[in-house]
2 protein chains.
Amino acid sequence: MLDTTAELVAEVGVERTTIDEIASRSGVAKTTIYRHFPSKQVLVVEAVHACTHIPAVTDTGSLRDDLISCFSGMTKASYEGRLGDMMLSLMDAAQRDPELGRLVRAQAEQRRRFATTVIERSVERGELPDDVDVDLLVTMLSGPLVYTKLVRRQRVTEELVAAVVDSVLACYRAPVAPESAANA
Amino acid sequence: MLDTTAELVAEVGVERTTIDEIASRSGVAKTTIYRHFPSKQVLVVEAVHACTHIPAVTDTGSLRDDLISCFSGMTKASYEGRLGDMMLSLMDAAQRDPELGRLVRAQAEQRRRFATTVIERSVERGELPDDVDVDLLVTMLSGPLVYTKLVRRQRVTEELVAAVVDSVLACYRAPVAPESAANA
DNA sequence: GTGAATCGCTACTATGCCGTAGCGTTCTTG
DNA sequence: CAAGAACGCTACGGCATAGTAGCGATTCAC
């Protein structure tokens, strides 16, 4: 039932998803749906919740490996499969529906926190300078992946994740500080 | 009339935009709207077209300046104002509506081509190595901006554009090649 | 001025969807 | 096996919306 809802949202979006269609597809009577969920809004929120699972955070001691593992996990969990197909419509609906808004924002926050944790751990190890802009770094890492998924509508491959991580990390490993290089 | 349509799409999204509401807001009778546009779909496409304007490409001779100018222009043209507010809903609707799909894809392509041009010009000048992955570079630049706009729902400031450009360019100016640094 | 095109207004059809009522059936539980 | 809970089905009421018809008023061009 929640599964069918998610399937429909992925196919036609939140707005075009109707209770009647959920009922006929899942082989459940419409009245039964209303016996469990007071409204379509709640049903959608529950359906999203149901297909959300949080990837584990690894700690290999290497920033590069941790980041790749972290973003690969996120990709599998959020950008692939049903949740990936629902994403755009969910984000759009979240602009108007406060409940969905909270849900989507919470998920984005959580994904950000994972990456932030990995980076801060690396700073403590001395792998990155103390004054590194963690917020910018997370944006530089997440951005290209989201962009590839939502705007280019291409699969986020392991190779892309590695390329993005390496590209972002490259300047922090070089002897020249980014600030001075930027003004060259 | 097209203006009111764009305004409504920005406010409530493509799906929730109704002809009646457009009529009453623009002070135009519904019948008059149908005398100009055969359907809501066409009206929305025209409205999007109407508020799309292409920023000029600069050629200062400096990759950094050109990129900042390029992405600042794109930001103003696409991420701010009405088009920025319409973006998510348009992208979602574009998944199902072939006409909108073409439109959105064309705009994304065009934005990409701007950046690609700037970068290729820089490669010809010898500022960047010949074997640079232009495609990845454009993704690394566009991604964080789109991510900031769509996912974080924050304004894309001039400072952010500069920070992203500098961050991406940093590794290409450093003496150590990114590949060897990544494996360090 | 006069004819033609355009516009505004009200009303209308048709459709789709939300959410509910009522009733008979099935399944569970003790 | 018996009682109660859960389910399926059909049929609603109510609302919103896409598009259309018809007619009178307005504007515009010549």
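In what follows, chains are A, B, ... by sequence order, proteins preceding strands, each numbered from 1. Remember, predicted model here, so these are calculated numbers, not experimental data.
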Separation of C:dG8 atom C1' from B:I33 atom CD1, nearest Å, is 12 Å
Criterion salt bridge (charged side-chain N to carboxylate O under 4.0 Å, His left out) on A:E158 and A:K76, from CA distance to verdict: CA-CA 10 Å; A:E158 294 275 341; A:K76 279 199 191 55; 3.2 Å; yes
Between C:dC7 (P) and B:R35 (CZ): distance, integer Å: 7 Å
Which part of the nucleic acid does B:K40 contact within heavy-atom distance under 4.0 Å: base, sugar-phosphate only, or nothing? sugar-phosphate
Distance check needed: D:dA18 P versus A:R16 CZ, whole Å only. 11 Å
Which listed nucleotide (D:dG19, C:dC7, D:dC9) is nearest to the side chain of B:H36? C:dC7
What about A:T31, does its side chain sit under 3.5 Å from the base of D:dC7 through a donor-acceptor pair? no
Please determine if A:E11 and A:R16 form a salt bridge, counting it only when a charged side-chain N lies under 4.0 Å from a carboxylate O. no
Separation of B:Q41 atom CD from D:dA18 atom P, in whole Å? 13 Å
Spacing of B:D20 atom CG relative to D:dA18 atom P, expressed in whole Å: 6 Å
I want to verify a distance call: between D:dC9, C:dC9, C:dC18, whose nearest atom is closest to the A:T18 side chain? C:dC18
Salt bridge or not for A:E109 and B:R152, using N-O below 4.0 Å? no
In Å, rounded to the nearest 0.5 Å, how long is the span from CD of A:E15 to CG of A:D97? 9.5 Å
A:E15 CD - D:dA16 P separation (whole Å): 16 Å
Looking at B:K30 and C:dG8, is any side-chain donor or acceptor paired with a base atom of the opposite kind under 3.5 Å? no
If I take atom CZ in residue B:F37 and atom P in nucleotide D:dA18, what distance separates them, rounded to the nearest angstrom? 15 Å
Roughly how many Å is it from OH in B:Y34 to C1' in D:dA18, rounded to a whole number? 5 Å
